[in-house]
Amino acid sequence: MARAVTTQHKTIATAAAWIVALLIFFPILYTIITSFKSEQEAIQGFALIPSGTMESYAEVQAQSGYFKFFLNSVILAVGSTVLALLVAVPAAWSMAFSPTKRTKDILMWMLSTKMMPAVAVLFPIYLIFRDTGLLDSRIGLTIMLMLINLPIVVWMLYTYFREIPGEILEAARMDGASLWNEIIHVLTPMAVPGIASTMLLNIILAWNEAFWTIRLTTTNAAPLTAFISSFSSPQGLFWAKLSAASTLAIAPILIMGWFSQKQLVRGLTFGAVK
């Protein structure tokens, strides 16, 4: 029997949820507010009402081309996501439907690589990129972003695939489906919500990656994370310009997340309720 929930409890829970949501979103909101201030206003102190000036946006665009960095971010995020899915879908299929006694160990080992500090492997990765000519290249950075997010992609797809009945795939094999036909025409369409949410999450992670994108690029392949860091200089932090650059960088991913939130939630809860 379902537990009865009173109107008072619903009101309290809703108010608590709104408070938590506002606390999480407030730094983003204040960044947007600060971007509409002058530099003098930005350094004066906390204020929620800006003057409404657009001078910071004009100066940011005049100093460095936003669309070049934006295009690099799109190429890196989408490219690394496509590469990750091409590798992760077969890997997750094999672990979900043809497991061995080492499958759990492999999954844990893959996840453990995310626990290692990135700075611990910065020196060897930098040398590899330098010696192979991949420094400041879209190809090199796309491969790097794919590799650092691949464990999460495999884990998520493995979880989704485990929720699909194996009997369906067995029926496809009995009908003469080859391995690739089984994966492409049977498994993939059934796991579309999970694959879509994994794709969206990987794009967000790749878009927000700052450590590697700043250290492995200079100009040619620099994405929006490098665009933001360029407004922090030894001469000081220019808060209004930095806020304007940050707003321009996060706006596309915020818009994408807003319009795809239903698909993301649906995918993240895929298989949770039978």
Side-chain angles (χ1 to χ4, degrees), residues 28 31 60-61 63-92 110 113-114 116-157 194-232 242 244-261 263-264 267:
I28 299 174
T31 299
V60 165
Q61 186 58 36
Q63 290 181 20
S64 55
Y66 166 78
F67 290 102
K68 173 188 174 182
F69 295 96
F70 172 78
L71 180 61
N72 284 338
S73 285
V74 171
I75 293 173
L76 295 174
V78 175
S80 64
T81 300
V82 172
L83 282 179
L85 289 176
L86 289 175
V87 175
V89 169
M110 292 177 63
T113 61
K114 295 296 295 179
M116 179 178 62
V119 70
V121 293
L122 173 61
F123 186 63
I125 292 294
Y126 185 88
L127 292 180
I128 292 172
F129 270 60
R130 184 197 65 182
D131 297 340
T132 55
L134 293 176
L135 275 179
D136 197 24
S137 71
R138 292 172 177 172
I139 295 176
L141 203 53
T142 298
I143 295 173
M144 189 65 200
L145 293 175
M146 182 270 288
L147 292 175
I148 63 176
N149 292 326
L150 188 60
I152 295 177
V153 177
V154 172
W155 258 94
M156 291 184 67
L157 291 179
I195 294 175
S197 64
T198 302
M199 180 184 69
L200 290 171
L201 181 61
N202 192 83
I203 289 176
I204 293 171
L205 292 174
W207 190 280
N208 293 334
E209 176 60 40
F211 182 84
W212 293 109
T213 54
I214 292 174
R215 285 157 182 82
L216 297 179
T217 61
T218 51
T219 55
N220 295 330
L224 286 170
T225 47
F227 171 73
I228 296 173
S229 66
S230 66
F231 291 92
S232 175
L242 191 60
S246 300
T247 302
L248 289 172
I250 65 177
I253 208 69
L254 281 177
I255 295 171
M256 188 193 77
W258 176 264
F259 284 105
S260 61
Q261 58 182 320
Q263 182 64 40
L264 187 60

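Every value quoted in this text rests on a predicted model; they were computed, and no experiment measured them.
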Checklist outcome for this item: Rounded to the nearest 0.5 Å, the CD1 atom of I28 sits from the OG1 atom of T247 at a distance of 9.5 Å

Checklist entry - Of all heavy-atom pairs between S246 and I228, which one has the smallest distance, and what is that distance? => result OG-CG2, 3.7 Å

Checklist entry - Do the side chain of Y66 and the main chain of L248 share a donor and acceptor less than 3.5 angstrom apart? => result yes

Checklist entry - Any side-chain heavy-atom pair from P124 and L127 closer than 4.5 angstrom? => result no

Checklist entry - Rounded to the nearest 0.5 Å, how far does OG1 of T217 lie from CG of L134? => result 13.0 Å

Checklist entry - Think R215 forms a cation-pi with F211, using NZ or CZ under 6.0 Å from the six-ring centre and within 45 degrees of its axis? => result yes

Checklist entry - Would you call the rings of F69 and F227 parallel, tilted or perpendicular if under 30° counts as parallel and over 60° as perpendicular? => result tilted

Item to check | Shortest non-hydrogen contact from P151 toward T113 | outcome: CG-OG1, 3.6 Å

Checklist entry - Going by heavy atoms in the side chains, are V153 and M146 under 4.5 Å from each other? => result no

Checklist entry - Got a second to check how far I125's CD1 is from R130's CZ, nearest 0.5 Å? => result 13.5 Å

Next on the checklist: To the closest 0.5 Å, what do you measure between CG (N220) and CG (L135)?
Outcome noted: 11.0 Å

Next on the checklist: Apply side chain to side chain contact (heavy atoms under 4.5 Å, CB included) to residues D136 and F129 and explain how you reach the verdict.
Outcome noted: CA-CA 9 Å; D136 197 24; F129 270 60; over 6 Å; no

Checklist entry - Does the pair I250 and W207 meet the rule for a side chain to side chain contact (heavy atoms under 4.5 Å, CB included), with working shown? => result CA-CA 9 Å; I250 65 177; W207 190 280; over 6 Å; no

Checklist entry - Is a side-chain donor or acceptor of K68 paired with a backbone partner of T219 at a separation under 3.5 angstrom? => result yes

Checklist entry - Given the rule in the side chain to side chain contact (heavy atoms under 4.5 Å, CB included) test, do N149 and K114 qualify, once you have shown the distances and angles that lead to the verdict? => result CA-CA 8 Å; N149 292 326; K114 295 296 295 179; 4.1 Å; yes

Checklist entry - Do any N or O atoms from the side chain of N202 and from the backbone of T198 form a donor-acceptor pair under 3.5 angstrom? => result no

Next on the checklist: A side-chain contact here means heavy atoms from C-beta on lying under 4.5 Å apart; do R138 and L71 qualify?
Outcome noted: yes

Item to check | CD1 on I143 to CG on L76, rounded to 0.5 Å | outcome: 11.5 Å

Checklist entry - Do L205 and I148 pass the side chain to side chain contact (heavy atoms under 4.5 Å, CB included) test, and can you show the C-alpha distance, the side-chain angles, and the key distance before you say yes or no? => result CA-CA 10 Å; L205 292 174; I148 63 176; over 6 Å; no

Checklist outcome for this item: CD1 (I139) and OG1 (T132) are apart, to the nearest 0.5 Å, by 11.0 Å

Checklist entry - If we ignore angles and hydrogens, is there a donor and acceptor under 3.5 Å between the side chains of S80 and T142? => result no

Checklist entry - Pick one: which of L157, I152, L150 meets side chain to side chain contact (heavy atoms under 4.5 Å, CB included) with V154? => result L150

Checklist entry - Counting only heavy atoms not in L122, do more than 12 fall under 6.0 Å of its CG? => result yes

Item to check | Under 3.5 Å: donor-acceptor pair, side chain of S73, backbone of L224 | outcome: yes

Checklist entry - Do any N or O atoms from the side chain of N72 and from the backbone of A222 form a donor-acceptor pair under 3.5 angstrom? => result yes

Checklist entry - For the residue pair F70 and F67, does the interplanar ring angle fall in the parallel (under 30°), tilted (30 to 60°) or perpendicular (over 60°) class? => result perpendicular

